[in-house]
Amino acid sequence: MRLSPQERAMLSGERGEAAQSAMEIVVTLGRIYDAQRLLPVQSVQVAGVSYRNLGEAGLEFLHDWAREGARARVPATLNPAGMDMENWRRMGVSEVFARKQMDVLEVYSLMGIEPTCTCTPYLSGNVPEFGQHVAWSESSAVSYANSVLGARTNCEGGPSALAAAITGRTADYGLHLDENRRATHRVEVRCPVRRPYEFAALGYLVGREIRRGVPWFVGLELSPIDADPIRAPDEPKARTRDVLKLMGAALASSGAVGLYHVQGVTPEARALPDLCQKGIPTLTVESLEPTIAALHTRAPVQSIDLVAIGCPHASLGELRQVAEGLRGAHLSSDLWVTVARSVRDQAKALGLVEIIEDAGGLVVADTCVVVAPMQEIGYHSVATNSAKLAAYALPHAGLQVRFGSLESCLSAAIDGHWHTVAGKPAAWPGEVATTMGLVPAVVGPGPTSEESAEMPLTLRGRVIVEGHVSGLALVSTEPIGFLGGVDPDTGLVIERGQVLEGQSVAGRILVFPFGKGSTVGSYTIYRLGKAGLAPRAIINIEAEPIVAVGALIAGVPMVDRVDISRLRTGMHVVVHGEVIRCE
Ligand code: F3S
């Protein structure tokens, strides 16, 4: 990889310890993806802000970097924190949590990162231009930046975004490159998709089906949009942006999808229609009903504790719809509309906050249901119009879920009960019917017992983090998401339905195809390491940034490009650099 003199100076430690550690992360990612150079970035959006996800270990990590002199070189903003920084008492957040959360924000501010605390920085003035390179980490914001604005960013992990802010650089790979912005799947939508929650369900379904790639949607009736939402506040375009915000968040929650195109609508699809070429797989969506039904959790829900709107954080237009639906009402359930602070200020000036709060709801800034300490607050069930929140609420916040339109959610807030369960009894999202007939096999079933009796076996891979260790293998045929998927305090896999559910990763040679899920997962691996519960080594088919950066900062040896179909749980495995010996 070619480095400029300034980049080499950072890597050699001439610009201080923090710049050196940050440059090591950026360069490691470049090496993993065979990048030829680093790119200057115009802005950075940093995830890993809620104290609930960072824990004490993550907070110490940030303090260490700040002490070593870490300072942002480019404009950088923060993802949501664990509470509304002004009104945390009204949310029911404890004093202890609040103090820790304030500490997190102070240390980020010390590093020069603006404590905007939103997953929609583009609604608060951080609007990258078409073609500009940025380093954003919240997956829904990444999807919006790439797809709706036509900017270019990979989905950075929490620490890798921070590294990009400190160095002002990211490696030139993935969605920064023209060739990776081409469509990989054509999605023909043949059923009506009109209401925002239907766009969310469509995103969730397509993400689950393709798992990773760049979908090209055909058949969605939306107004064409240009790249700048601030300078073009026109109604149909604002509606298009709002529904695409929900759809992109869902796509990125069920699959590793950081970019999509909508034919004739999104800016890159309009500028470059040949991004969708003949011969790519076509998926046909005939119905969203099974997906909508599957987004309810299975357990019976007697009453709705909380209705949550604003995942991603709500726009002014969405706040207006909520206010119109609640004018003069009296709520039986709690209701949160989660927003960026600047959007709440605008809504306050327009009288919208007053209408919602007169009805008994809260317009909550700086946080969201997924990152706030919901169990500490005491909620057990949630109704939402966001497919991303529906998918995350149980594993990340321990909440039972009802999913539906904004109107159904507002009725639930008024009555305290959910009325319109679509379809049959709700299945777990993992059981969504595969109506489109494309479910890629991830890996083979592993060797039979006779084959394994013929071991020892020697495999080779590529070193991501150098190390020499041995231990017993724990093999997952499915991707692993660390945040919400592995408990950092016990080391147990807690993702519902994951093949390793209930097993501990501590001290094992953890084998899985690739990482998935929240970009804050790197800090979960770091927390596991600090608690002595990390895997002894990680072996992947393909390293992705979240796990790679987590392994790097936690000091866990990691190897990828390994044929893991030969490995099975219980084998004794020796990892010696790039060589893996199994007995
Ligand atoms: Fe934003 Fe929280 Fe949803 S970060 S996208 S509101 S899960």
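The basis for the numbers below is simple: all heavy atoms, side chains too, and nothing from hydrogens, waters or symmetry mates. Both ligands and their constituent atoms are indexed starting at 1 by order of listing. This chain uses plain numbering: 1 for the first residue, then up along the sequence.
In this view, Arg195 and Glu407 satisfy the salt bridge (Lys or Arg N to Asp or Glu O under 4.0 Å) rule, not counting sequence neighbours. Glu357 meets the salt bridge (Lys or Arg N to Asp or Glu O under 4.0 Å) test with Arg90; sequence neighbours excluded.
Among residues at least two apart or in separate chains, side chain to side chain donor-acceptor pair (under 3.5 Å) pairs with a member in residues 363-373 are Arg341-Asp366.
Glu138 has a carboxylate O that lies under 4.0 Å from a charged side-chain N of Lys388, or vice versa, which qualifies the two as a salt bridge. Ion pairing of Arg152 with Glu129 is absent here, as no side-chain N (NZ or NE/NH1/NH2) approaches a carboxylate O to less than 4.0 Å.
Protein N/O/S atoms closer than 2.8 Å to atom 1 (Fe) of ligand 1: Cys119 SG.
Not a single donor-acceptor pair under 3.5 Å links the side chain of Thr170 to the backbone N or O of Ala164.
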